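Sharing a structure below in structure tokens format, with a few things to ask.
In this text, all values refer to a predicted model and were calculated from it rather than measured experimentally. In what follows, chains are A, B, ... by sequence order, proteins preceding strands, each numbered from 1.
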Amino acid sequence: MGRPVRFIHAADLHLDAPFGGVDAQDARVRDALASSTYRALESLVALCIERGADFLVISGDVYNQAERRVRSQIAFAKAASTLEHAGIRVFVVHGNHDPSSGWSAGIAMPGNVTVFADDRVERFAVERDGEPLCALYGRSYRRSAETTNLAKGFKREIGDTVAIGVLHTNVGGRPGYDDYAPCTLEDLRSGGMDYWALGHIHKPEILSEAPFAVYAGCPQGLDPTQSGPRGCFEVTIDDGVVAAEFLPLAAIGWHQAEADLTAATRLDDVRDAIAAAMDAALAASSVPVIVRIDLTGRSEVHASLQAPGALAALVDDAREEALGFEPWAWIDRVRDRTRPAIDIDALRSAEDFTGDVVRLADELLADTDQGAAFVDEIASALLDRVADPSLAPDVVDVLTRARDLALDRLLEGDAR
Amino acid sequence: MRLRRIEAASFGALSERTLGDFGDGLTVVLGPNEAGKSTFTALTRYVLYGFPTAREKEPQYAPASGRRAGRLVFEEDDGRWVVERTEGPHGGPVAVRTLAGATRSALHTELTQGVSSLAYKIVFGFGLDEMAAIESQRSSDDNIIARLYAASVGLRTSPQDVRAQLEREADEYFAPRGRSKRVNELLTEMRDIRAEIRTIRDEGAAFADDRERLSALEARLAAAAEERAGRRAAHAVLASAVSSYEERIAQIEERDHELTDLRRQLKTAEDALQREVPDDRVLAAAAEIDALVGDASVYAQNLADLREATAEASQAERALAAALAETGIPPERALALEAGPDLLAAVEEARDDLRRLEADRDARAREAERLSVIAMRVESQLHSAFEPLGISPGPDAGRVLDNFAAELDAVESGASAGTKSRIDVPALVMLLAGLASLVAGLILSEMVVAIIAVVPVLAGAFFVLRGFLQGKSVPLALGPTSVDTFRSRRALDAARAAWRAAEDSRAAADAATSEAALAADTYTTRVALFATRMTEAGLPAGTTPAAATQTITLVRDARRASSDFQAKIDAATALQARVDAFSVRVADVASSVFSTLGVVEPDAVSGLIGRLRDALATAREAGARHAQHDDTVRDLAGRIKASEERHVRSKNEAMAILAQRGLEENGSLDALREQLAIAEAGSRDADAVYDEVAAERSRLQGTLDTLSSEDRGAQLRLGEASVRERLADAVDRYVVTATAARIVSRAQERYERERQPEVVKRAEQIFRTMTGDRYVGLSVPLGSNRLEVFDDHSAAKESAQLSRGTAEALYLALRLGLISQLGDVGPGLPLLMDDVLVNLDPERRRGAAMAVADLARERQIVLFTCHPDTAELLAQIAPDRTQITLDRC
């Protein structure tokens, strides 16, 4: 055997993803987010060329939605064209976000792009200098909600020196992801592949090393929950020995932090805590980063944070400062989850008005129905207007915070 | 802190009036009506909170003159202070003055901390008029009861205020009917964004169709471009034809004008040609005239030089004659005299020799004379020297002396001395030097040297010979004794010395004489030789060297003058020849040009040349004009011919253009223009079609380009996410805040229901005491302006249902209950009550008085009354009270 097989395994590009759940009020941040998936694609192409890959495998969800946007298709075609000039082939399967039945703008892809069929497992042989190099097996989604175990259709042919399986699937029914093309590791093992190039799960992970089954993850994190490194894998198969190295590609990083304000007494302490969280986020990233911070702890500063506009002013200041960094950082959200520095138990036993407040809240928290009815009576008109079930409040959380808020205000200036 | 005095500086009817000193607890001020009880009560409030303006609905208490002013004197264990205020802006400035103890500039603030002006008016300083206000003001923002309620439960903030604030904050986010609320604004923003997203999505969905439409448009555009090109070409051809035809017509008209003009010019040129004829004779001599003009300046210079040379020759001739006359020799001999440098050198050499020989001759003669004198003197001295010896100095005295000496020697020693000879060395040297000079003169043929050398030879030989001849001895006669011998010896020696001196002097004188003679001979010989040379040279005999030198110099000057004269003559002759030749040339040319004959005087030559030059210039100008006219005539003839040819050609071309457009017969420019207008319209139509298709294609292309590159959709979705995040935050904040408000509200309800605040409890006790347990309960529901009392049958009555006295008892009870619970609120503020017990029946008045006295143990109370009974009652209940009697103002 000559030179080993070297290819790049990527998945879930989600070109033009909408980036839900982020409050990007700054134009610079919006621009960066809007172009981030494309920049990740550019980095992917550059990486393929730099590493001298034999081919690129994309395990589904090139686009973010079935109605692929024109810009996305043109961008992908352009990227493929660049790879074609470098002599690098591209093997693609459709995933649940971009099933083959989805709309296409009719933009022709370059000749180096091979899309696997959606009605069967399709095999393509890759040659180098006229000699067989490896065989790729793959199958696309016809529809978004593909519930068939597609892995079972993969079977290595006799004579393949190297076999690579390409599939968009939820192995083992991982929570948090749609259970599409469900399969098990055993199903994958039975296919006889040397390497399973998997897609669908956005966090990069090597599921198995015998055989190698790898989720490439998404090259660019798509929402605040997708923190941590994002990129692709460079896979080398040399005489049956597989090695997979993760390579980061993300143009923007996501970071979640928690700032404990237990010892904080003034808003300046909150400002410092936010700045420290930003510093930590930037220290861990070489690219611009979007940060979410939860303020926690039973703190004297809790009452000050409840003042209308107090936290917003701190966040605005921190945002302005963080945008001046290089690379910049954006504070997506600072959530106040601090608790008042009040001894609730002591109040609970007090025979005064605050004791009545605590006991009333306790009753509502203890009786789920009563508590829900209490909150619902307040929130129903608003929720009807918003018409977004996902915004329905967490009753316990609301009651607890409402109690704390009331106590803060009632005891304002008192030390208890 | 206690109020000790109230001082009215100028307030209402009071002027510099003081009320006090008040006691620490209860003070009863008894005074009749119009004694100023209400005025002092009001003044206390105004000093604390400011004088009201005329617009405020408050009693003004304006003084008769001046501004309102008052003072309050407070006291504590460690000092006394005055709080004073004078009417002015914003209630008038307040000041704290220390009477004793430490400065307390913040005393005024300490006193009023936490107690508003309204609260003071209702609770701390009130009369009958304000009694009911404690109930009626409950609906206002400054709810006294609520505040005191909060104070009673240990909260600095009223639950009522907290609930209201939370409700207001929640209301900022959402209200079911509020359009401008935060949630509604965000919903509107999100709706707009989503609508735009749908639009962009629809545009994206039409992308494939649009691309097909773009292809069709591009095909149409190509066809339209082709049609447009064809139309434009046809139009261009026709436009070119019209333009060419118009150009030809213009050319024909232009040629006509041109030919007319050219022919007129030809006629004028021919006339001028005939008029302008040059002088051929002058032109024929033009070369010679130009040469003469060119040489004229040389001629003028030659003529001037000739005249100068003639004058110089005359002057040289005169100089020659003078030089010859100065030589003193006839001119012919002078000019023939050999006065070359050899002669001059010989003269100068002879002059130098003669001068030297003459000087030598004279010197030697003087030396011979001097030596001769010396010899004669020495000779004269010989007689005295020879006399002791008895010898006469004769010519052989030498020999005689020698003989004498020999005899003497023989006498002295018996031996005689021999003789010896001597050679004169100087003479020998002179002889040898003269011989050497003689030999050298002979060898070198220098006769003068040879002749002169003879002198030292002869002299040298003489002295050498004389030396040999001096060898003879002289006979001596000596005495017989030794003394005589000795004397003889001495005389002999003296004689011999004198003799030798005389011989030497004679020899020297002789030699000098001989040399002087020789020098004279030499000089004479040299003079003869010079004379011979001068005669040979042609100079007069006897010419001295100096004269010979002068004569030779003059002769040489004369010769130079002669040469100079001859040169001047030659130069003048040459110049005269050139002047004459040029005059002849001028005369010849002038004769051919002006037909004149004769010799031209030198001075007339320049004028004649000028005339010739002018004539030639005139002839040449005429010739040039003639040639120019001739050229013009030829040129015009050529141009007329060419123009005629072009005229014909333009006509032919115009006909050809018409023929090309099918207008051979009756063709015209108008017909051509009509064809052009039709072609132009066709081209315009084709342009319009093309532009329309191109614009449509451009629009579509732009749309597609935008779709392929725009990130508006992504931006909108990010905007949607941002709005949704803010909406979630607003929903969360609304729900939490509204829930908090609702919890406070529920707690209030429960508190009212299950607990009465201490203040109400205390008021209830006081009221119960006042009414003698006729009323046993009191309720002050928060959030409403109702007051309820319960009688001993638990029947509830609202305040409006009570009698005036009962109601006033209720209000007083509430105040007393309230103040009893204030603790540190308003420290130092006394309770000022103005006849508030007047409407109570005796039983209730007593109960009220007891309550007042009871409260006075905790807080200072000043009770004004005009009823001595009331004062008496309080004196009974509180014997330790202070009583002040106030007279009517």
> How many angstroms lie between CG in A:Leu399 and CD1 in B:Ile743, if you round to the nearest 0.5 Å?
Replying inline: 5.5 Å
> If you take all heavy atoms of B:Ala747 and A:Val357, which pair is closest and at what distance?
Replying inline: CB-CG2, 3.6 Å
>> Counting C-beta onward and ignoring hydrogens, is there a side-chain heavy-atom pair between B:Phe174 and A:Val386 closer than 4.5 Å?
In response: no
>> Once rounded to the nearest 0.5 Å, what's the spacing between atom CD of A:Gln306 and atom CD of B:Glu169?
In response: 9.5 Å
>> How close do B:Leu166 and A:Ala406 get, counting heavy atoms only, and between which atoms?
In response: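 Taking B:Leu166 first and A:Ala406 second, the nearest heavy atoms are CD1-CA, 4.5 Å.
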>> Restricting to non-hydrogen atoms, name the atom on B:Ala740 and the atom on A:Ala402 that form the minimum distance, rounded to 0.1 Å.
In response: CB-O, 3.3 Å
>> Looking at chain A, which one of B:Leu186, B:Val735, B:Leu718 has the largest number of heavy-atom pairs inside 4.5 Å, strictly under?
In response: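 Among the listed options, the one with the most contacts to chain A is B:Leu718.
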> In terms of heavy-atom proximity below 4.5 Å to chain B, should A:Arg335 be classed as side chain, backbone, both, or neither?
Replying inline: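 Interface part for A:Arg335: neither.
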> Given that the side chain runs from C-beta out, which part of B:Val731 has a heavy atom under 4.5 Å from chain A: side chain, backbone, both or neither?
Replying inline: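 For B:Val731, backbone and side chain are both near chain A.
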> Once you round to the nearest 0.5 Å, how far does CG of A:Asn64 lie from CZ of B:Arg717?
Replying inline: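 Between atom CG of A:Asn64 and atom CZ of B:Arg717 there are 7.5 Å.
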> Does the pair A:Glu363 and B:Arg746 meet the rule for a salt bridge (Lys or Arg N to Asp or Glu O under 4.0 Å), with working shown?
Replying inline: CA-CA 12 Å; A:Glu363 290 167 12; B:Arg746 285 282 182 88; over 6 Å; no
> Which pair of heavy atoms, one from A:Phe353 and one from B:Val744, lies closest together, and at what distance?
Replying inline: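 In this case the closest contact between A:Phe353 and B:Val744 is CZ-O, 3.7 Å.
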>> Let's test your reading of the structure: which of A:Ile378, A:Asp384, A:Asp394 forms the most heavy-atom pairs below 4.5 Å with chain B?
In response: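 Winner by heavy-atom pair count: A:Ile378.
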>> Quick check on B:Arg733: does its CZ atom have over 12 non-hydrogen neighbours (other residues, nucleotides or ligands) under 6.0 Å away?
In response: no
>> Among residues at least two apart in sequence or on other chains, which ones pass ring pair (Phe, Tyr, Trp, His ring centres under 6.0 Å) with A:His14?
In response: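 A:His97, A:His202.
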>> Just so I know, are the side chains of B:Arg163 and A:Arg409 near enough to count as touching, which here means a heavy-atom distance under 4.5 Å?
In response: no
>> Side chains of A:Asp23 and B:Arg726, heavy atoms from C-beta outward: is any pair under 4.5 Å?
In response: yes
>> I need the minimum non-hydrogen distance between A:Leu410 and B:Pro159, along with the two atoms involved.
In response: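 The answer is CD2-CA, 3.7 Å.
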>> For a salt bridge (Lys or Arg N to Asp or Glu O under 4.0 Å) check, start with the C-alpha distance between B:Asp732 and A:Arg401, then their side-chain angles and the critical distance, and finish with the verdict.
In response: CA-CA 10 Å; B:Asp732 178 73; A:Arg401 289 162 56 207; 2.4 Å; yes
> Taking only residues two or more places apart in sequence or in another chain, which ones pass side chain to side chain contact (heavy atoms under 4.5 Å, CB included) with B:Arg724?
Replying inline: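 Result, side chain to side chain contact (heavy atoms under 4.5 Å, CB included) vs B:Arg724: A:Asp388, A:Ser390, A:Leu391, B:Met190.
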>> Does B:Tyr173 form a side chain to side chain contact (heavy atoms under 4.5 Å, CB included) with A:Leu382? I'd like the steps, not just the answer.
In response: CA-CA 10 Å; B:Tyr173 289 102; A:Leu382 172 63; over 6 Å; no
